[in-house]
Amino acid sequence: QVQLLESGGGLVQAGGSLRLSCAASGSPFIINTINTMGWYRQAPGKQRELVATIMSGGRTNYADSVKGRFNISTDNAKTTVYLQMNSHKPEDTAVYYCNARYYGGSNYWGQGTQVTVSS
């Protein structure tokens, strides 16, 4: 009942910046019960890992590897989540997935967007 549409991935130089967006659409009865939105990434040969999350009350959590470089935020309606990525490193290269969790236990994933950092 919820679809997450990602955008903003692409090629970026090391040290550069990129912003990812993910918009949730579907049943307002679910969208209005957002618990947590976040971003995960999976590099080739690696396990999927948490990048950052933001709870409905605004509390955020970041992986140690991106602290101080990435920033997660939402729009006022809390239906779109952003990931501002600064000071890119080659090891940031991965497929980035947005995730939304709602009260009641429902969990949705975006299709993934490729971020490639060139050195």
Which pairs pass ring pair (Phe, Tyr, Trp, His ring centres under 6.0 Å) with one or both residues in residues 29-61, sequence neighbours excluded? Tyr40-Trp109
Who are the ring-ring contact (aromatic ring centres under 6.0 Å, His included) partners of Phe70, not counting sequence neighbours? His88
Identify the two heavy atoms, one from [X] and one from [Y], that lie closest to each other, and give their separation to 0.1 Å.
X: Asn86; Y: Ser17; result: OD1-OG, 2.9 Å
X: Ala14; Y: Ser119; result: CB-CA, 4.2 Å
X: Lys46; Y: Gln42; result: O-NE2, 3.2 Å
X: Asn35; Y: Tyr103; result: ND2-CE2, 3.8 Å
X: Ala52; Y: Ile72; result: O-CD1, 3.6 Å
X: Leu5; Y: Gln111; result: CA-OE1, 4.2 Å

Can you tell me how far [atom2] of [Y] sits from [atom1] of [X], rounded to the nearest 0.5 angstrom?
X: Ser25; Y: Gln1; atom1: OG; atom2: CD; result: 12.0 Å
X: Met37; Y: Thr74; atom1: CE; atom2: OG1; result: 8.0 Å
X: Leu11; Y: Thr116; atom1: CG; atom2: OG1; result: 6.0 Å

I'd like to check Val81 versus Leu20 (side-chain heavy atoms, cut-off strictly below 4.5 Å). Are they in contact? no
Min side-chain heavy-atom separation Thr36-Ser56 under 4.5 Å: no
Going by the disulfide bond (SG atoms under 2.5 Å apart) test, which pairs reach into [range], not counting sequence neighbours?
range: residues 39-104; answer: Cys22-Cys98
range: residues 34-71; answer: none
range: residues 31-82; answer: none

Same cluster or not: Met55 versus Val51, using hydrophobic residues (I, L, V, M, F, W, Y) connected whenever any side-chain heavy atoms lie under 4.5 Å apart? no
Could you pull out all residues at least two apart from [X] that satisfy side-chain contact (heavy atoms from CB on, under 4.5 Å)?
X: Ser106; answer: Ile30, Tyr102, Tyr108
X: Val95; answer: Tyr97, Gln114
X: Lys67; answer: Tyr62, Asp64
X: Arg19; answer: Ser21, Tyr82, Gln84

May I have all residue pairs that pass salt bridge (Lys or Arg N to Asp or Glu O under 4.0 Å) and include part of [range], sequence neighbours excluded?
range: residues 92-118; value: Arg41-Asp92, Arg69-Asp92
range: residues 108-119; value: none
range: residues 103-118; value: none

Quick one: do Val115 and Leu18 satisfy side chain to side chain contact (heavy atoms under 4.5 Å, CB included)? Show the steps, please. CA-CA 9 Å; Val115 173; Leu18 203 64; 4.1 Å; yes
Could you tell me whether a side-chain N or O of Glu6 sits under 3.5 Å from a main-chain N or O of Thr113, the two making a donor and an acceptor? yes
Yes or no on side chain to side chain contact (heavy atoms under 4.5 Å, CB included) for Leu50 and Asn99, after CA distance, side-chain angles and deciding distance? CA-CA 10 Å; Leu50 183 147; Asn99 173 258; over 6 Å; no
